Amino acid sequence: MPTVTFEINGTRQVLADVDPATPLLWVLRDALGLVGTKYGCGIAQCGACTVHLNGEPARACSLPVASVEGQSITTIEGLGPRGELHPLQEAWIAMDVPQCGYCQAGQLMSAAALLKANARPTDEDIDRAMAGNLCRCGTYPRIRAAIHKAAEGVRGEGV
Amino acid sequence: MSRHVYTTEVDEPLVIDCLARAQHAFGRSGAGMARRTFLKLAGASGLGLTLGFSLNLRAATDGAEPPALNAFIRIAPSGDIYIYAPNPEIGQGVKTSMPMIVAEELDADWQRVKIEQAPIDPRYGLQFSGGSRSIAVNWDALRQAGAAARAMLVAAAANKWSTDPSTLRTDASRVFNARGESLSYGELAAAAALLEVPGPSSLRLKQREDYRIIGTAIPGVDNRAIVTGEPLFGIDQQLPGLLYASYARCPRFGGTVVSANLDEIKRLPGVEDAFVLDAKGSHSDLVAGVAIIGASTWAVMQARKRLQVEWDTTHASTASWSRFNREAQQVADDGDGEVLIDNGDVGRAFDDAGSVVESFYTYPFAAHASLEPMNCTAWLKGGILDIWAPSQTPQRGIASASAATGLAAQNIRMHQTRIGGGFGRRLLNDYVAEAAAIAQRVSAPVKVQWTREEDFAHDHFRPAGFHKLKGATDKDGRLSAWQHHYITLQFNGEIVSGGSLRENEFPVLNVPNYRLTQTALDTGTPCFAWRAPGANSVAWVFQSFIHELALAANRDHRDFLIEIMGEPRWFDAGNPNSLNTGRAVDVIKLATEKAGWGRPMPHQRALGLAFHFCHAGHVAHVVDVGVDDNNKVTVHKVVVAADVGPVINPSGARAQIQGCVIDALSTMAGLEITLENGVVEQSNFDSYRPLRIAATPEIEAHFIASEYPPTGLGEPGFPPLAPAVCNAIFEVTGRRVKTLPLSREGFTV
Ligand code: FES
Ligand code: FES
């Protein structure tokens, strides 16, 4: 079987003997032990598996690993700069966003991509950017509030 | 009785704000009848964890582990306090709130508390998460665990100072003497752990006004691990040499395996083995199927697609949603069903009525659809079976695994994991039985992983139901008669869980003339408890029909509802599952006041009201709803008033209310499971579509911090939403919603 090489959370990763059709999700979870990225539907409907592909949100369940050859992937484990929390992660903790917590890695990855593209999102911007992320527990009000809070924090620090 | 109301709002900086308000909320003590009743109840409910006291844990102090004061508490010399959370965490917050109760009576410094999930052990009593009962059942034992440890620390300090323990006090993990000297819990723990564990009767529990931790908003203890993607959930279990398994069951419940193309499957890349398992135990234990074992989740999922099974469907389900509908209509037309309740004389009341209303209500099956699909990891090694299961009933999971394997329960070790949503599905342990039976055939740890499609196909659904109603008001416009034919479902001759009406369901005891009859249709597809079982659907029926009756009698809905409640009384005083009309009226008044009941509303907008009592919680919702010319329903705002006794963690409570509202809205709007010839027609989130973030209304929660014993909030916040919205839709459009979901009636949300 072929080899696939890509960058994962800033580190070059060479995978030997991998079925090129394997979704990135299962490579992350089973082969690399990065289990923060979750399986919810397998058909790009729930967003639990959201990662960043070259900085853009992507559903890892629907991304054959061969397609990320030479690309850069960020997962929830790599969202915060080394050892630190991303402002969204801080806001998530402070606003007590999670309930069961299962969807939250995907929610955070989508939210991080939103804030990078739009430092001052309105409620409508948030609704649009987060529409692909299902939360079965209904944490939506706090997700919205936490995105606003993180956006204020980031702006406040002049970042 | 004294009460205080406090409120949480979405956008405020929660942690600090709720802290101040919550302390205020418990800042007064009650007196009189209610207070005495509370004390009596608190003393009487002896269920739970008190076994923790009888164990001698001294041996545990020798090793590397910090000294144990009882099954719940270890304190390290550094001052770090380890508290064990006994019950499964499914997102309802008990991994945070239960240790808060222990820490309160321990008088711990919460900043130094570390929470660990407890092992499955008889010392922790019933370790389950269901029925909103975790807090209620364990309230006394958790407080006693904290208070006992505190007493031991005080005794240890008294020994050191050679003084009388009654002269000492504690605060934030320190014991103080009258001279103002202090010793930290960390300094005292080793000595305290050697002392006799005091009996519960000798303990002095705190007064509520002295609480410093209970009633403060504390973020979930796993939040940091969750937001950084650490392994927490059942699906995240990783073990050296772990194998992966897929388990194929018959698409029609009850089908068994005749044959399968096992040889072909075993030759596929990444597949290590494939074999057939027969059913064992009850219908919610091991179900017949084909196991495929392989080197990765993807390998077994791919092989699963190539699997061909010939099923014996002689006894398989033929459940059909279209047939249930026809049969229910037929049964309703034909007659009355079995008489379950017949109070007063409904016939005479109808003869003397001022107005009479008749209605027929239908609601569908619903799926649990927890976001983490069913899974379980098991490893049989040296005769011991280790299981890592996201189960709401891990103790029952041991029994399921034992039935599936023939192993004795004492040779099965169950490990709790965090759970990606339960909603009742994980009260069952069929996936645990599968992992156990597969582990018996595989000489390595193995993780059984269901696909989302399997999770839908093999759910035990929220039962559908049909209700034929006739009600009357008398000449003065008072509710006088209620006749109710409930057409429900039975599986193997037994009414399905969540498919019966409680005999004290509101307003059964409030109406002078009430008649309930029941007919059960046979289903071969099992149903099971689903968030607020029964209540999640019948509240819509009862509360919609009360609104119909109020309007027919030209009455204000709120006044009519309060009038039905009558004098403040607790029907079966001391029984938390019995309606207290005083508490009911209070939440109805509070919700309507806060929502501005009676105010003029904009064009195509109206307020809708509903109340429900279940799981010991009294809850009212008032919703502000708009319906446009295209039948698009917009829920602008939901005001919730709840009395669930003291709120342990206002942050968790707020989350539960918001979650209940959103789940109820989603379910009402468009969720239904349909079956034909036993096969489920929905397979994934493209055909079963919960609402997304954009449909989220503004939600305002008000809690009445009453002096009654606490109960959970994962369920009672759910039921009033659908009827409140449907009542508002009627106010705007003049159309009564009689079939759920709303999409069936041409509405979109
Ligand atoms: S698992 Fe990828 S979107 Fe659901
Ligand atoms: S927190 Fe449970 S699914 Fe979102």
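Worth knowing before you read on, the calculation uses all heavy atoms, side chains too, and leaves out hydrogens, waters and symmetry mates. In the text below, chain A, chain B and the rest are named by the order of the sequence lines, each starting its count at 1. Everything numeric in this text was worked out from a predicted model, so none of it was measured.
Each of A:Leu25, A:Leu79, A:Ile43, A:Ile126 has some count of heavy-atom pairs under 4.5 Å with chain B, and the biggest count is that of A:Ile43. Taking A:Pro23, A:Ala31, A:Ala146 one by one and counting their heavy-atom pairs under 4.5 Å with chain B, the maximum is reached by A:Pro23. Put simply, of A:Glu90, A:Arg136, A:Gln99, the one with the most heavy-atom pairs under 4.5 Å next to chain B is A:Arg136. For the set B:Ile662, B:Ile90, B:Asn223, the entry with the most heavy-atom pairs within less than 4.5 Å of chain A is B:Asn223. Comparing B:Gly420, B:Ala655, B:Gly220, B:Gly659 by how many heavy-atom pairs each has under 4.5 Å with chain A, the most go to B:Ala655. In terms of heavy-atom pairs under 4.5 Å with chain B, the best-connected choice from A:Ala44, A:Gly33, A:Ala48 is A:Gly33. Options B:Ala369, B:Ser370, B:Pro697 differ in how many heavy-atom pairs under 4.5 Å they form with chain A, and the most are formed by B:Ala369.
Considering all non-hydrogen atoms of both residues, B:Ile699 and A:Pro141 come closest at CD1-CG, 4.3 Å. Here the closest non-hydrogen pair linking A:Arg29 and B:Ile235 is NH2-O, 2.8 Å. In terms of heavy-atom proximity, B:Phe423 sits nearest to A:Cys137 at CZ-SG, 4.2 Å. Counting all heavy atoms, side chain and backbone alike, B:Phe685 lies closest to A:Cys41 at CD1-CB, 3.9 Å. The two atoms that bring A:Tyr39 and B:Glu453 nearest to each other are OH-OE1, 4.4 Å, heavy atoms only. The two residues B:Phe233 and A:Gly101 have their closest heavy-atom pair at CZ-C, 3.7 Å.
Side-chain contact between A:Tyr102 and B:Pro373: present, with at least one pair of heavy atoms (C-beta onward) separated by less than 4.5 Å.
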Worked verdict on A:Cys46 versus B:Leu371 for side-chain contact (heavy atoms from CB on, under 4.5 Å):
CA-CA 9 Å; A:Cys46 76; B:Leu371 200 57; 4.2 Å; yes
Apply the test side-chain contact (heavy atoms from CB on, under 4.5 Å) to residues B:Gln658 and A:Tyr140: give CA-CA distance (whole Å), side-chain angles for both, the deciding distance (0.1 Å), then the verdict.
CA-CA 9 Å; B:Gln658 291 174 343; A:Tyr140 300 130; over 6 Å; no
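Contact annotation for A:Leu85: only side-chain heavy atoms (C-beta onward) come within less than 4.5 Å of a heavy atom of chain B. When heavy atoms are compared at a cutoff of 4.5 Å, B:Gln92 does not approach chain A at all. At a 4.5 Å heavy-atom cutoff, the contact between A:Glu77 and chain B is made by backbone and side-chain atoms alike. Heavy atoms of A:Arg128 lying under 4.5 Å from chain B are absent altogether. Both the backbone and the side chain of B:Glu372 come within contact range of chain A, each with at least one heavy atom under 4.5 Å from a heavy atom of that chain. For a residue to count as touching a neighbouring chain, one of its non-hydrogen atoms must lie under 4.5 Å from one of that chain's; by this rule B:Arg224 touches chain A with backbone and side chain alike. Residue B:Leu691 touches chain A through its backbone alone, counting heavy-atom pairs closer than 4.5 Å. Heavy atoms closer than 4.5 Å to chain A are found in the backbone of B:Ile419, but not in its side chain. Proximity to chain A involves both the backbone and the side chain of B:Thr451, based on heavy atoms less than 4.5 angstrom apart.
Atoms CH2 and CD, on A:Trp26 and B:Gln449 in that order, are 5.0 Å from each other to the nearest 0.5 Å. Between A:Ile93 atom CD1 and B:Thr228 atom OG1 the span is 7.5 Å, to the nearest 0.5 Å. Rounding to the nearest 0.5 angstrom, the gap separating the CD1 atom in B:Ile693 from the CD1 atom in A:Ile143 is 5.5 Å. In this structure, CG on B:Asp222 lies 11.5 Å from SG on A:Cys100, to the nearest 0.5 angstrom.
Of the charged side-chain nitrogens involved, at least one lies within less than 4.0 Å of a carboxylate oxygen, so that B:Asp236 and A:Lys38 count as a salt-bridged pair.
With respect to B:Arg692, the side chain to side chain contact (heavy atoms under 4.5 Å, CB included) criterion is satisfied by exactly one of A:Leu134, A:Asn133, A:Asp127: A:Leu134.
With hydrogens and angles left out, the side-chain atoms of A:Asp30 and B:Ser296 include no donor and acceptor closer than 3.5 Å.
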